[in-house]
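For reference, the structure is listed below as structure tokens.
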Amino acid sequence: MPELTQMTLSEVRKALLDKTVSAAEVTDAALSRIDATEPKVRALLSLQAEEAQAQAKALDASGPDATKPLWGVPLVVKDVLATKGVPTTCGSKILENFRPVYDATAVARLKDAGAILLGKANMDEFAMGSTTENSAYFATKNPWDLERVPGGSSGGSGATVATGQCYGALGTDTGGSIRLPASFCGIVGLKPSYGRVSRFGMVAYGSSLDQIGPMTRSVEDAARLLQVIAGHDERDSTCVNVPVPDYVAALSEKTDLKGLTIGLPAEYWDKGLAPEVAEACATAIKTAEALGAKTVPVALKLSQYAIATYYIIAVAEASSNLARFDGVRYGHRTKAPENLLDMYVKSRSEGFGDEVQRRIILGTYVLSSGYYDAYYHKAAQVRRLIRQDFEAALSQCDVLAGPVCPTTAFKVGEMTSDPLQMYLMDIFTISTNLAGLPGMSLPVGLGRESGMPVGLQLTGRAFGEAALLQTAQVLEKNVCATGSPTL
Amino acid sequence: MSISPEEVAKVARLARLDLSQDTIGQYAAQLDGILDYMDKLSELDTSSVEPMYTPVDQVSVMRDDVVKKDYARADILKNAPETDGAFFIVPRIV
């Protein structure tokens with residue numbers, strides 16, 4: 001048996017049900033790992049150690065329950081998801097003392113499935129960032145190399161899973177915020193199709209782009225977490241009532257890739273890739289071909305417009321969503337305001353960080369009278385063209401494959417000075433959110449130069465998560481293993 | 001299109017944000033670069049394209065109009081910066 005904290009979610013679940021280990025032992029092992037590694041990695045904004053231990057004890061007292069898919073499994077959730085009675089800060093000072101009165105639907109479903117929630121993961125403030133340096137509290141480090149960033153905005157979720165502090169985490173993805181940290185931290189990350197997972201209780205950034213998804217150490221683990229959180233919820237009208245397939249069962253259907261056609265978008269492979277990223281991803285594609293997959297070149301001609309489109313729509317929606325922070329019902333309120341307007345202005349200006357304020361300004365600008373047509377309306381039109389681009393490409397193949405990011409994890413501080421430069425890191429991931437399609441990051445080895453993990457991105461048809469998971473699992477078993485960081 | 005410091009100040013007022021003069025200048029320069037990049041979209045002819053605001057094409061979802069009481073007032077008020085035990089309190093308006 002591997003060391004307890006290095007086991008996958010699927011392995012530890014089996015050990016728990018077989019009574020090889022108790023929920024208390026698994027929880028204590030995770031908490032010890034957190035104690036030993038957290039001073040260096042800083043993945044967690046809050047830890048609910050006592051509650052977790054009490055819950056584990058209660059679970060052990062009643063005994064394993066195989067009908068609960070996550071019975072006794074310790075997990076972490078990103079601090080953008082509401083957790084009843086437990087701090088939910090979104091990485092922002094404006095929500096420093098906020099304790100929700102309800103659980104997000106995804107969190108409630110984890111709890112119903114028997115999971116133990118250990119803590120809340122660090123993130124870029126309101127999910128705005130690609131490095132987790134933009135948290136108002138502290139920066140999370142990459143467990144593979146503490147001088148590098150874990151990616152973002154779900155960098156705390158990525159780092160905690162890669163470090164072995166827990167068996168899986170929930171992240172959220174508006175433009176790549178699950179896939180990028182998964183890629184940088186060498187784990188599996190899945191952004192579901194828009195409408196697959198309820199967003200109820202997720203603090204909104206870009207409501208037409210946001211999705212909650214699993215971040216795990218194996219593809220099977222991702223399938224198990226998605227199984228629990230996916231499905232209709234009457235509390236989110238955008239969460240579609242489409243049947244949820246049995247993702248775990250789907251995994252055992254395939255042992256090779258015969259009959260699968262993989263589309264390789266020229267725009268994702270052509271230029272600007274770090275040689276080590278191109279090499280690792282190309283090797284994975286060769287492996288797929290050796291396993292029977294057919295590859296075809298496809299075009300996503302509008303890729304060059306995706307970042308501009310995305311940042312107009314995302315900031316517009318953000319400026320509207322963040323208008324609710326007014327110092328009245330929850331969150332920070334300035335001391336001794338002169339009047340109501342002064343209270344709004346000072347509470348918001350003191351509570352929001354720099355990048356959040358920049359995006360609110362930009363979002364308000366593109367929605368303002370005189371600029372709405374040129375920016376927001378135009379971007380919404382281009383968004384439809386981008387979706388059509390994807391539909392055409394996916395009519396020629398079953399999944400699309402390319403790198404998650406042009407580089408491996410970069411050094412701390414490297415991207416903080418120029419906001420536009422940071423936005424450009426999302427080049428391969430944001431189109432998926434604009435089109436509402438599922439996207440996945442699969443580790444495909446370490447970069448030859450940096451020694452840091454490389455992620456291959458698989459993109460599928462809307463609600464085609466099962467096909468993505470099947471493809472990823474066959475590849476996972478056949479590409480050279482990425483391993484885990486030594487920390 | 002370019003954005004002037006005066007426009008940044010105006011938008012900040014609309015967004016209920018109080019920016020220092022330094023920040024206004026800094027944002028104007030940064031947003032100028034970002035908007036310049038976004039102007040790339042004007043290369044595309046979209047005159048006949050229906051805008052897409054969400055990936056999910058569904059009409060508004062209706063439910064029965066039934067009163068539900070999910071949360072207790074006292075719990076909701078716990079997160080408020082100032083209350084009188086029954087209501088949120090804000091600075092005097094009139």
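Protein chains get the first letters and strands the later ones, always in sequence-line order, with residue 1 at the start of each.
In terms of heavy-atom proximity, B:Pro55 sits nearest to A:Leu434 at CG-O, 4.4 Å. The minimum heavy-atom distance linking A:Lys378 with B:Leu41 is given by the pair CE-O, 3.1 Å. Contact between B:Val56 and A:Thr238 at its shortest, heavy atoms only, is CG2-O, 4.0 Å. Nearest heavy atom pair, residue B:Leu17 against residue A:Val345, reads C-CG1, 3.9 Å.
A tilted orientation is assigned to the rings of B:Tyr71 and A:Tyr102, their planes being inclined by 30° to 60°.
Only one option out of B:Leu31, B:Leu35, B:Val8 pairs with A:Tyr365 in a side-chain contact (heavy atoms from CB on, under 4.5 Å); it is B:Leu35.
Going from atom CG of B:Leu77 over to atom CZ of A:Arg329 covers 12.0 Å, rounded to the nearest 0.5 Å. If you take OG1 on A:Thr364 and CZ on B:Arg16, they are separated by 10.5 Å, rounding to the nearest 0.5 Å. Rounded to the nearest 0.5 angstrom, B:Phe88 CZ and A:Tyr330 OH are separated by 9.0 Å. Taking CD of A:Gln304 as the start and NZ of B:Lys40 as the end, the distance is 4.5 Å to the nearest 0.5 Å. For the atom pair CG (A:Asp354) and CD (B:Gln30), the distance works out to 7.0 Å, reported to the nearest 0.5 Å. Within the model, atoms CD1 of A:Ile360 and CG of B:Leu14 stand 12.5 Å from one another, a figure rounded to the nearest 0.5 Å.
Ion pair A:Arg235/B:Asp70 flagged as a salt bridge, since at least one NZ, NE, NH1 or NH2 atom sits closer than 4.0 Å to an Asp/Glu carboxylate oxygen. A salt bridge is absent between A:Arg384 and B:Glu50: the closest approach of a Lys/Arg side-chain nitrogen to an acidic carboxylate oxygen does not fall below 4.0 angstrom.
No hydrogens or angles considered: nothing links the side chains of B:Tyr27 and A:Gln357 as a donor-acceptor pair under 3.5 Å. Residues B:Asp18 and A:Tyr344 bring no donor and acceptor atom of their side chains to less than 3.5 Å of each other. A:Tyr371 and B:Glu7 are linked by a side-chain donor-acceptor pair at a separation below 3.5 angstrom, with hydrogens and angles left out of the test.
If you measure heavy-atom distances from A:Gln388 to chain B, you find no contacts under 4.5 Å at all. In this structure, chain B has heavy atoms under 4.5 Å from both the backbone and the side chain of A:Tyr311. Both the backbone and the side chain of A:Ala379 come within contact range of chain B, with heavy atoms under 4.5 Å apart. Looking at A:Leu302, the atoms closer than 4.5 Å to chain B (heavy atoms on both sides) all sit in the side chain, from C-beta outward. Heavy-atom distances place no part of A:Ser319 under 4.5 Å from chain B, backbone and side chain included. For a residue to count as touching a neighbouring chain, one of its non-hydrogen atoms must lie under 4.5 Å from one of that chain's; by this rule A:Ser207 does not touch chain B. For A:Arg348, the parts sitting under 4.5 Å from any heavy atom of chain B are the backbone and the side chain alike. With a 4.5 angstrom heavy-atom cutoff, A:Ala435 touches chain B only via backbone atoms.
By number of non-hydrogen pairs under 4.5 angstrom with chain B, the leading residue of A:Pro337, A:Ala380, A:Ser347, A:Gly436 is A:Ala380. Comparing B:Thr23, B:Ile89, B:Thr83 by heavy-atom pairs within less than 4.5 Å of chain A, the highest count is held by B:Ile89.
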Given salt bridge (Lys or Arg N to Asp or Glu O under 4.0 Å), test A:Glu234 with B:Lys68 step by step and report yes or no. CA-CA 13 Å; A:Glu234 62 174 21; B:Lys68 278 205 292 186; 3.6 Å; yes
